[in-house]
Structure formats: structure tokens, C-alpha cells
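Computed over heavy atoms, backbone and side chain alike; hydrogens, waters and symmetry mates excluded.
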Amino acid sequence: MPADHAHADSGCFDLAAQDAVYRAIFTRRDVRSHFLPDPLDDEMLARLLMAAHHAPSVGFMQPWNFIVIRDQRRRQQVRDLFLAARQQELPHIAEERQALYRKLKLEGICESPLNLVVTCDRSRSRNSPLGRWHNPEMDLYSTVCAVQNFWLAARAEGVGVGWVSIIDREALKRMLAIPEHVVPVAYLCVGRVSEFAARPDLERHGWGSRLPLADLIMSEEYCGDGETELKDAAARLAGTPVGA
């Protein structure tokens with residue numbers, strides 16, 4: 001990380017920097033395929049983890065840890081957990097969508113050069129209830145912010161990331177010797193890829209489409225009418241490419 005990034009900046013980014021930030025956001029993808037076998041060097045991985053470590057966290061609790069998994073045998077065992085979980089999930093998919101579900105590529109556990117588990121240590125803020133007294137789940141939300149930071153930094157570096165959510169969390173905890181008070185929030189497949197898809201895979205395969213932003217904006221209360229000009233502005237942006 002360049003040294004000047006470590007200093008607070010009260011001004012906005014220049015146009016080129018703004019464009020880079022939005023490009024990372026709009027072209028980020030949940031990568032399940034196209035991983036290259038090339039290993040990530042530790043300097044790059046450290047940069048991505050540093051970005052994650054600088055995520056916002058309620059009460060400055062910084063509840064995250066990062067388990068790096070490179071061993072192919074261990075990753076195959078995790079993939080077995082995924083396959084079992086996918087079979088358990090299948091009956092709960094609408095019958096008319098099950099054939100499509102079976103065809104979807106939903107992980108790159110063994111194809112990616114490494115896997116990363118981002119965990120939340122729920123005991124880390126036990127001495128301070130700041131921000132968690134009424135909302136104790138804020139440590140989990142903070143950890144998700146770290147995942148997003150990692151993902152956007154990875155996209156800027158040309159590194160693909162895929163989040164594997166179809167997995168038995170308790171079985172994963174046992175496999176990785178994760179203590180009871182620690183929650184595995186994200187299991188990520190990480191590595192360079194041959195390409196980033198122009199559109200999200202699930203959109204491309206017809207599983208779903210992006211909701212119009214204007215339909216999601218409410219005024220003053222849930223389902224409150226208003227904010228017409230804001231909704232119009234959102235609608236004008238609808239032609240802008242957006243990410244997964």
C-alpha cells in the first residue's frame with residue numbers, strides 16, 4: 001500500500017480515482033470458474049488482507065480473522081461438504097428451477113489457487129458493548145464489510161473471488177478446528193482468472209435479474225411515497241453497467 005494512503009484525506013478523489021472505485025464496484029463478480037493455476041504471491045495477498053483489515057467495524061472491535069487454506073486434500077474435503085449441502089438444498093428449490101440449479105457452477109474450491117475463510121470472533125468485543133448493546137449482531141455485519149473490502153481490492157488487482165455459501169457451517173467449523181465462539185462468515189475461493197464475465201453468472205443463465213434501484217427507494221418510512229427526483233436520477237443511471 002502506498003505510504004500516502006495511510007494518511008487521512010479530507011478531499012474527494014480526482015476523476016480518475018473515482019472512476020477506478022466505481023469500476024471495481026460495477027465489474028466485481030462472484031467468480032466460480034475461469035481460475036488460473038498461478039499462485040498468488042504473498043505480497044499481493046497481504047495487500048488484499050490489509051484492505052480487509054481496514055474495513056469499518058462497530059466499536060472498532062475488528063472481529064475478523066483470516067484462515068488461508070492451500071492444501072489440496074483439505075480443499076477437497078471442503079468441496080465434499082459443499083456437494084453434500086447442495087444435495088440438501090436442492091429439494092427446497094422450486095421444482096421448475098431444479099434442472100437449471102443442477103447446471104449452475106457454484107464454486108471453485110479446488111480450481112482456485114487458494115481458499116480463504118473470513119471468521120468473526122464474537123468474544124473480541126466482550127469488554128465493550130459500544131454499538132452492540134441494542135444490536136449484538138453488528139460484529140457479524142462488520143466482518144461482512146471486511147469481506148467486501150477484500151473483494152473490491154481483489155478486483156482492482158485483477159484477482160477473482162467467489163463466495164461459497166452452500167456449506168454446512170458447523171461441519172466446516174469441526175473440520176477447521178474453529179472454536180465455538182467464532183463464526184465462519186465467508187468461505188472464499190481466490191485466484192487470478194482468465195476473464196471477468198460481463199454480467200453476473202446467475203443473471204446470464206436466467207436465474208434472476210437486477211431489481212430497478214428506483215423501485216427500492218422509499219421516503220421517510222417503509223413504502224413511503226416521495227423522492228421523485230432521486231428516483232428519476234436512479235432511473236437515468238439504469239443503463240450504466242452494474243456488478244454482481
### Message
Give me the atom names and distance for the closest heavy-atom approach of W64 to S142.
### Response
CZ3-O, 3.5 Å
### Query
Is there a side-chain contact between K173 and E180, using heavy atoms and a 4.5 Å cut-off?
yes
### Query
Can you tell me how far the NZ atom of K231 sits from the CG atom of D225, to the nearest 0.5 Å?
6.0 Å
### Query
Does the distance from a Lys or Arg side-chain N to an Asp or Glu carboxylate O, for R70 and D42, drop under 4.0 Å?
yes
### Query
Looking at CD of Q62 and CZ of R124, how far apart are the two atoms once the value is rounded to the nearest 0.5 Å?
8.0 Å
### Task
Work out which heavy atom in G108 is nearest to a heavy atom in C189; give both atom names and the distance.
C-SG, 3.5 Å
### Query
So do S57 and P63 actually touch side chain to side chain, heavy atoms under 4.5 Å?
yes
#### Entry: Electrostatic pair E111:K105 at N-O distance under 4.0 angstrom
yes
### Task
Give a yes or no on whether the backbone of A197 and the side-chain of R29 come within a donor-acceptor separation of less than 3.5 Å.
yes
### Summary
Smallest heavy-atom separation, A51 atom then N149 atom, equals O-ND2, 2.9 Å
### Query
Do the non-hydrogen side-chain atoms of M218 and E227 ever get within less than 4.5 Å of each other?
no
### Task
Consider only side-chain heavy atoms of I, L, V, M, F, W and Y, link residues closer than 4.5 Å, and tell whether L36 and F196 are in one cluster.
no
### Flag side-chain contact, heavy atom, 4.5 Å: N135 against Y141
no
### Query
Looking only at atom types and distance, does a side-chain atom of D30 sit under 3.5 Å from a main-chain N or O of W163, one as donor and one as acceptor?
yes
### Message
To check you understand the geometry: which heavy-atom pair defines the closest contact between R204 and R199, and what is its length?
### Response
CA-NH2, 3.7 Å
### Y101, OH: over 12 other non-hydrogen atoms inside 6.0 angstrom
yes
### Side chain to side chain, V182 and N65, heavy atoms closer than 4.5 Å
no
### Query
Would R32 and E107 pass as an ion pair if we require N to O under 4.0 Å?
no
### Query
Hey, which of L140, T119, I178, D139 is the one that makes side chain to side chain contact (heavy atoms under 4.5 Å, CB included) with V183?
L140
### Message
Are I69 and L114 packed together at the side-chain level, in the sense that at least one heavy-atom pair is separated by less than 4.5 angstrom?
### Response
no
### Message
I'd like to know whether CZ of R23 has more than 12 heavy-atom contacts from other residues, nucleotides or ligands below 6.0 angstrom.
### Response
no
### Message
So which atom in L172 and which in P184 form the shortest heavy-atom distance, rounded to 0.1 Å?
### Response
CD2-CB, 4.2 Å
### Query
For E43, does its backbone N or O pair with a side-chain atom of D41 as donor and acceptor, under 3.5 Å?
yes
### Carboxylate-amine/guanidinium proximity below 4.0 Å for R192 and D38
no
### Query
In terms of side-chain geometry, is the basic nitrogen of D71 or R74 positioned less than 4.0 Å from the acidic oxygen of its partner?
no
### Query
Does R155 use its side chain to pair, donor to acceptor, with the backbone of F26 at less than 3.5 Å?
no
### Message
Determine whether a donor-acceptor pair (N or O, by modelled atom type, separation under 3.5 Å) exists between the side chain of N115 and the backbone of I109.
### Response
yes
### Task
State, without any angle test, whether Q72 and R75 hold a side-chain donor-acceptor pair at a distance under 3.5 Å.
yes
### Query
What distance separates L48 CG from M44 CE, expressed to the nearest 0.5 Å?
6.5 Å
### Query
Do V118 and F150 touch side chain to side chain, with heavy atoms closer than 4.5 Å?
no
### Message
Are L130 and V58 packed together at the side-chain level, in the sense that at least one heavy-atom pair is separated by less than 4.5 angstrom?
### Response
no
### Query
D14 and Q18: side-chain donor and acceptor closer than 3.5 Å?
no
### Query
Do other residues, nucleotides or ligands put more than 12 heavy atoms under 6.0 Å from E195 CD?
yes
### Query
Distance-only, no hydrogens or angles: does the K103 side chain make a donor-acceptor pair with backbone N or O of H205 under 3.5 Å?
no
### Message
Give me the atom names and distance for the closest heavy-atom approach of I167 to F82.
### Response
CG1-N, 4.5 Å
### Message
Exactly one of V185, L188, L176, V78 should register a side chain to side chain contact (heavy atoms under 4.5 Å, CB included) with V117. Which one does?
### Response
L176
